> 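Got a structure for you, written out below as structure tokens; questions coming shortly.
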Amino acid sequence: MPELPEVETIRRNLLDKVKGLEVRRVEILSPKFIEHPGPEEFAVRLTGKVLGDIERHGKYLVLRFGAGAGGGEPASATEELVVVHLKMAGRLIACRRSEPVVKHTHVIFHLDGGWDLRYIDLRHFGRLAILAGGESPVVTPAPSRRLEKGLKALGIEPLSPEFTAEWLAGYLARRGGRIKAVLLDQHVVAGLGNIYVDEALFEAGIHPERRASSLSAAEAAALHQAIKVILRHAIDFRGTTILTYVDGEGRRGEFAAKLKVYRKHGQPCPRCGTTIERAIVAGRGTHFCPRCQARR
DNA sequence: CTTATTACCTGGCAGC
DNA sequence: TGCTGCCAGGTAATAA
């Protein structure tokens, strides 16, 4: 479900609603969503902590839980970092405790003041984990460290100053894969997914099956600009709801109304009127205008 | 190393 | 009303 604009929207919503609240109890309804440590230890280590800042890295969220009011130790000694990846259908929602617990609710952080932070996931792909502190090296088996490894391996943030047209052109020149596959690779640019890759390629006039190394410097620059503009625009509209996505307050994102090609196959291209096509590229449903996005 | 394919889950929807 | 098959916002493991 969520790509960078959706995850960023959730981050902002959660900061607004539940930052500064203490964790009274962690209720784990489905243990398999806790990647590390075990579910009991996960709950114990977070109980009594206070939710501080929330960071977004690509499509990952990192929630900082600091020392509670009772603790005399410095915050750094007891701080826990919780990493969350929502994958296709995960939701992270701040709501009142009185709200009904819907089907597929897997973890509930019961907070002060009658607030809950709930993890809900229809397709069961997402995971949560506590990041290892500096003093605990990775002794744990690899399958329980996927979130941590994925987070460390992320590529460049597309809305950071380091993401320049020159960098993108230089990187693409060295890759032989299809441009769509390269843009979906989180080790390259962090946070793009199927919706925004299709939209950015349309905006830049580039066919999704082009080889990355075949793009000219001018095309790479157009793509760089399109990625930044679309991501910022989508954040302004609180993300895109197609099927299941809701933001951190349970509301739909409104960017679906602004999409130009994603899931528009069979409809006329908004620029030239040619019928939008759908194909499978990089294993994903891919939408493009065959005229505006020529193969060569 | 790079690139392509598949498995992981549940549920909505179109077509018969 | 069923039933079947396809589709879904992601990515790690596996194969080549």
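Chain identifiers are assigned alphabetically (A, B, ...) following the order of the sequence lines, protein sequences preceding nucleic acid strands; residue numbering begins at 1 within each chain. Bear in mind that the values here come from a model prediction, so they are computed numbers and not experimental data.
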> How close or far is atom P of C:dA13 from atom CD of A:Gln186, stated in whole angstroms?
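Answer to the nearest Å: 15 Å.
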
> Does the side chain of A:Lys59 get closer than 4.0 angstrom to OP1 or OP2 of C:dT11 through an N or O atom?
yes

> Is the closest basic N to carboxylate O distance between A:Glu35 and A:Arg146 below 4.0 Å?
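Salt bridge: no.
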
> Knowing that exactly one of A:Leu86, A:Val7, A:Val84, A:Leu151 qualifies, which makes a side-chain contact (heavy atoms from CB on, under 4.5 Å) with A:Tyr60?
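Among the candidates, only A:Leu151 passes.
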
> Is the positively charged end of A:Arg45 above the ring of A:Phe65, judged by distance under 6.0 angstrom from the centroid and angle within 45° of the axis?
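Ring-cation test returns no.
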
> Around A:Arg291, counting heavy atoms of other residues, nucleotides and ligands shown, do more than 12 lie under 6.0 Å from its CZ?
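It does not: A:Arg291 CZ has 12 such atoms or fewer within range.
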
> Just the rounded figure in Å: distance from P of C:dA8 to NE2 of A:His265.
8 Å

> So A:Leu183 and A:Val188, do their side chains get closer than 4.5 Å, heavy atoms only?
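Side chain of A:Val188 against side chain of A:Leu183, heavy atoms only: no contact under 4.5 Å found.
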
> Pull out every protein N or O sitting under 3.5 Å from an N or O of nucleotides 14-16 of chain B, one pair per line with the distance.
none

> Mind checking which stems touch DNA chain B? I mean at least 3 consecutive Watson-Crick or G-U pairs, both distances under 3.5 Å.
B:2-8 with C:10-16, B:10-16 with C:2-8

> Regarding A:Tyr60, tell me which of base, sugar-phosphate or nothing describes its non-hydrogen contacts under 4.0 Å with the strands shown.
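It contacts sugar-phosphate atoms only.
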
> With sequence neighbours left out, what residues match A:Arg211 under side chain to side chain contact (heavy atoms under 4.5 Å, CB included)?
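Listed in chain order: A:Arg178, A:Ser213, A:Ser214.
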
> Quick check for you: among B:dT10, C:dA8, B:dA4, whose closest atom lies nearest to any side-chain atom of A:Leu122?
B:dT10

> Check the distance between B:dA4's C1' and A:Arg178's CZ and give it to me in whole angstrom.
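So the two atoms are 10 Å apart, to the nearest Å.
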
> Looking only at side-chain N and O atoms, does A:Lys103 come under 4.0 Å of OP1 or OP2 in B:dG11?
yes

> Expressed as a whole number of angstroms, how long is the span from A:Leu151:CG to C:dG10:P?
17 Å

> For a quick check of understanding: with a heavy-atom distance under 4.0 Å over all strands, which category does A:Arg211 fall into, base, sugar-phosphate or nothing?
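The answer is sugar-phosphate, as A:Arg211 gets under 4.0 Å only of primed atoms, P, OP1 or OP2.
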
> Taking only the side-chain nitrogens and oxygens of A:His85, find out if one of them lies under 4.0 Å from OP1 or OP2 of C:dT11.
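For C:dT11, OP1 or OP2 has a side-chain N or O of A:His85 closer than 4.0 Å.
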
> Over how many whole Å does the gap from A:Arg145 atom CZ to C:dA13 atom P extend?
14 Å

> Below 3.5 Å is the cut-off: list the nitrogen or oxygen pairs between protein and nucleotides 6-8 of chain B, distance only.
none

> Could you state the NZ-P distance from A:Lys180 to B:dT3, rounded to the nearest angstrom?
17 Å

> Can you see if the side chain of A:Arg175 gets near the phosphate of B:dT3 - specifically, an N or O under 4.0 Å from OP1 or OP2?
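Indeed, a polar side-chain atom of A:Arg175 lies that close.
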
> Under the side-chain hydrogen bond (donor to acceptor under 3.5 Å, both in side chains) test, which residues partner A:Arg295, sequence neighbours left out?
A:Glu209

> Between A:Tyr119 and A:Ser30, is any pair of side-chain heavy atoms under 4.5 Å apart?
no

> Distance check needed: C:dA12 P versus A:Met88 CE, whole Å only.
14 Å

> Please determine if a side-chain N or O atom of A:His104 lies less than 4.0 Å away from the OP1 or OP2 oxygen of B:dG11.
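The answer is yes; a side-chain N or O of A:His104 sits under 4.0 Å from OP1 or OP2.
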
> With a 4.0 Å cut-off on heavy atoms, is A:Tyr196 in touch with a base, just the backbone sugar-phosphate, or nothing at all?
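Nothing: the residue A:Tyr196, judged by heavy atoms under 4.0 Å, touches no strand.
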
> Output yes when A:Glu99 and A:Arg118 qualify as a salt bridge under the 4.0 Å nitrogen-oxygen rule, no when they do not.
no

> For the side chain of A:Tyr262, counting heavy atoms from C-beta on, which of B:dA4, C:dA8, C:dT11 is nearest?
C:dA8

> Rounding to a whole Å, what distance do you find between A:Glu148:CD and C:dT11:P?
17 Å

> Name the residue closer to the 5' end of DNA chain C, choosing between A:Leu184 and A:Thr286 according to the nucleotide with the nearest heavy atom.
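Checking each residue's closest nucleotide, the 5'-ward one belongs to A:Thr286.
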
> Are A:Val229 and A:Leu159 co-members of a hydrophobic cluster defined by side-chain heavy atoms under 4.5 Å apart?
no

> When we call it a touch if two heavy atoms are under 4.0 Å apart, what does A:Arg263 touch: a base, just sugar-phosphate, or nothing?
sugar-phosphate

> Picking from C:dA12, C:dG10, B:dG11, which would you name as closest to the side chain of A:Arg146?
C:dA12

> Would you please name every residue forming a salt bridge (charged side-chain N to carboxylate O under 4.0 Å, His left out) with A:Arg123, sequence neighbours left out?
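A:Arg123 satisfies salt bridge (charged side-chain N to carboxylate O under 4.0 Å, His left out) with no residue once adjacent residues are dropped.
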
> How would you label the contact of A:Gly176 with the nucleic acid (heavy atoms, under 4.0 Å): base, sugar-phosphate, or nothing?
sugar-phosphate

> A cation-pi test, strictly: NZ or CZ of A:Arg97 under 6.0 Å from the centre of the six-membered ring of A:Trp115 and no more than 45 degrees from its axis. Yes or no?
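The answer is no, since A:Arg97 fails at least one limit relative to A:Trp115.
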
> With clusters defined by side-chain heavy atoms of hydrophobic residues (ILVMFWY) lying less than 4.5 Å apart, directly or transitively, does A:Leu215 cluster with A:Leu192?
yes

